[in-house]
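Notes follow once the structure below has been shown.
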Amino acid sequence: MIKVKHIVLGALANNCYLLTDEKSGKSALVDCTEASEKMLDFLGDAQLEYILLTHGHFDHIGGVCEIKERFGAEIIIGKPDEGMLSSGRLSLASFAFAPQNNVSADITVEDGDTITLGETVITVMATPGHTKGGVCYIADDVIFTGDTLFCCDCGRTDFPGGSMTEMKQSLKRLASLEKNYTVYPGHEEFSTLDFEKKNNPYMK
């Protein structure tokens, strides 16, 4: 069984999540907007094993460097987005006048890879469209969709590396999942996969 905690941080109101395997107590942070006191209070004394990044844009990686140093967690990101961790141009931090604290990935993942967190297996689904290396993380009955799938919407595709063709393919793959997952997106409110299949115009 897993437990999910949630916090909204940053100027772009990013959702960050703490996923905990209840039996072992081990945790993973999904996206890391900042390393502020709010983030540190949110993490508390978590046994943080991983920082799971849904993609490499600055508003999702801003606190990664410091949180890794404090907790010793391993950074995981989709392989095509790896370079964003050390380039303000690629992460768009330079264009947003946002800080870029360069860091390196510990693990890069591709479609179908799995991550073991205690007794929880987290499956990686590659979902390019917003970025080339965008991924969703699936565990038990939840799915963390980053900036791929939002409630009744999808991520922008007009940034470098974005593609509406790829986004549609990624959303089609998500729509093919049979389980009614709780959808935890990178911004805005939560949803369920069944609700999105019925109501999201980009999934039809």
Side-chain angles (χ1 to χ4, degrees), residues 1-9 13-23 26-33 42 48-57 59-61 75-81 107-157 162 166-204:
M1 295 290 293
I2 62 171
K3 179 173 64 176
V4 179
K5 284 175 57 180
H6 162 249
I7 191 171
V8 178
L9 294 170
N14 286 71
N15 292 323
C16 299
Y17 304 94
L18 187 66
L19 165 65
T20 301
D21 173 72
E22 291 192 293
K23 190 157 188 180
K26 294 181 179 180
S27 296
L29 176 63
V30 181
D31 288 338
C32 186
T33 298
F42 172 68
L48 197 64
E49 298 277 309
Y50 303 113
I51 302 171
L52 307 177
L53 299 173
T54 59
H55 64 290
H57 282 155
D59 54 319
H60 293 257
I61 68 169
I75 300 168
I76 299 179
I77 194 169
K79 189 171 182 61
D81 280 9
I107 301 170
T108 58
V109 289
E110 298 177 331
D111 189 58
D113 286 348
T114 57
I115 302 150
T116 301
L117 180 71
E119 296 191 359
T120 298
V121 176
I122 303 167
T123 301
V124 177
M125 175 184 279
T127 53
H130 184 64
T131 66
K132 290 294 183 187
V135 298
C136 294
Y137 296 102
I138 303 171
D140 288 359
D141 59 353
V142 306
I143 182 166
F144 301 95
T145 58
D147 286 6
T148 298
L149 176 62
F150 300 132
C151 181
C152 292
D153 203 352
C154 69
R156 292 176 60 168
T157 60
E166 289 184 334
M167 178 65 79
K168 288 179 179 179
Q169 292 171 344
S170 293
L171 293 172
K172 185 176 181 179
R173 288 192 67 203
L174 286 169
S176 72
L177 297 174
E178 295 183 0
K179 196 170 185 178
N180 184 26
Y181 291 98
T182 298
V183 174
Y184 289 121
H187 303 269
E188 303 174 355
E189 66 265 37
F190 311 152
S191 188
T192 66
L193 196 55
D194 280 358
F195 180 87
E196 295 308 310
K197 289 179 186 180
K198 293 175 183 175
N199 297 284
N200 192 321
Y202 295 98
M203 295 192 84
K204 296 183 183 300

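Keep in mind that the numbers below use all heavy atoms, side chains included, and drop hydrogens, waters and symmetry copies. On a predicted model such as this, the values are computed, not experimentally measured, just so you know.
- Separation of atoms OG1 (Thr33) and CD1 (Ile7) is listed at 9.5 Å; rounding is to 0.5 Å.
- With sequence neighbours excluded, the residues that form a ring pair (Phe, Tyr, Trp, His ring centres under 6.0 Å) with Tyr184 are Tyr17, Phe144, Phe190.
- The list of salt bridge (Lys or Arg N to Asp or Glu O under 4.0 Å) pairs with a residue in residues 117-134, not counting sequence neighbours, reads Lys23-Glu119, Lys132-Glu166.
- Judged by distance alone, the side chain of Asn200 and the main-chain N or O of Asp153 form a donor-acceptor pair under 3.5 Å.
- To the nearest 0.5 Å, the span separating SG on Cys152 from OH on Tyr202 amounts to 11.0 Å.
- Considering only heavy atoms from C-beta on, Val183 stays 4.5 Å or farther from Cys151 through its side chain.
- Legend: residues meeting side chain to side chain donor-acceptor pair (under 3.5 Å) with Asn14, ordered by chain and number and at least two apart, are Asp59, His60.
- Within the 4.5 Å cutoff, the side chain of Lys26 has no heavy atoms near those of the Thr120 side chain.
- Take Tyr137 and apply the ring pair (Phe, Tyr, Trp, His ring centres under 6.0 Å) test, not counting sequence neighbours, and it matches no residue.
- Residues Leu53 and Asp31 form a side-chain contact, since some pair of their non-hydrogen atoms from C-beta on lies under 4.5 Å apart.
- Taking the side chain to side chain donor-acceptor pair (under 3.5 Å) definition, one finds that Ser170 meets it with nothing, sequence neighbours left out.
- Gly155 and Met167 get closest at one heavy-atom pair: O-CE, 3.5 Å.
- We find the CD1-CD1 distance between Ile76 and Ile122 to be 7.5 Å, quoted to the nearest 0.5 Å.
- Side-chain contact between Asp147 and His187 is present, with at least one heavy-atom pair separated by less than 4.5 Å.
- Remark: Lys5 pairs with Leu18, Phe42 by the side-chain contact (heavy atoms from CB on, under 4.5 Å) rule, at least two apart or across chains.
- Cys32 and Ile51 get closest at one heavy-atom pair: CB-CG2, 4.1 Å.
- In this structure, the side chain to side chain donor-acceptor pair (under 3.5 Å) partners of Thr131, at least two apart in sequence or on a different chain, are Asp81.
- In summary, of the residues considered (Val30, Leu29, Ile75), a side-chain contact (heavy atoms from CB on, under 4.5 Å) with Leu52 occurs for Val30 alone.
- Every residue was checked against the side chain to side chain donor-acceptor pair (under 3.5 Å) condition with Thr157, not counting sequence neighbours, and none meets it.
- A salt bridge (Lys or Arg N to Asp or Glu O under 4.0 Å) check over residues 193-204, counting only residues at least two apart or in different chains, returns nothing.
- Once rounded to the nearest 0.5 Å, the distance linking CG of Leu117 with CD of Glu49 reads 6.5 Å.
- Val124 has its side chain within reach of Ile115: a pair of non-hydrogen atoms, C-beta onward, lies under 4.5 Å apart.
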Going by atom type alone, with no hydrogens or angles, which donor-acceptor pairs under 3.5 Å involve a side-chain atom of residues 171-179 and a protein atom two or more places apart or on another chain?
unit_1	atom_1	unit_2	atom_2	d
Arg173	NH1	Asp111	OD1	3.1
Arg173	NH1	Ala126	O	3.2
Arg173	NH2	Asp111	OD1	3.4
Arg173	NH2	Asp111	OD2	3.4
Ser176	OG	Arg173	O	2.6
Lys179	NZ	Asp140	O	3.1

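- Taking CG of Asp21 as the start and CD1 of Ile2 as the end, the distance is 8.5 Å to the nearest 0.5 Å.
- The side-chain contact (heavy atoms from CB on, under 4.5 Å) search around Glu188 returns Phe150, not counting sequence neighbours.
- For Leu19 against Ala139, the heavy-atom pair with the smallest separation is CD2-CB, 4.4 Å.
- Between Thr54 and Gly146, the shortest heavy-atom contact is OG1-CA, 3.5 Å.
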message: Would His55 and Thr148 count as a side-chain contact (heavy atoms from CB on, under 4.5 Å) here? Give the steps.
response: CA-CA 10 Å; His55 64 290; Thr148 298; over 6 Å; no
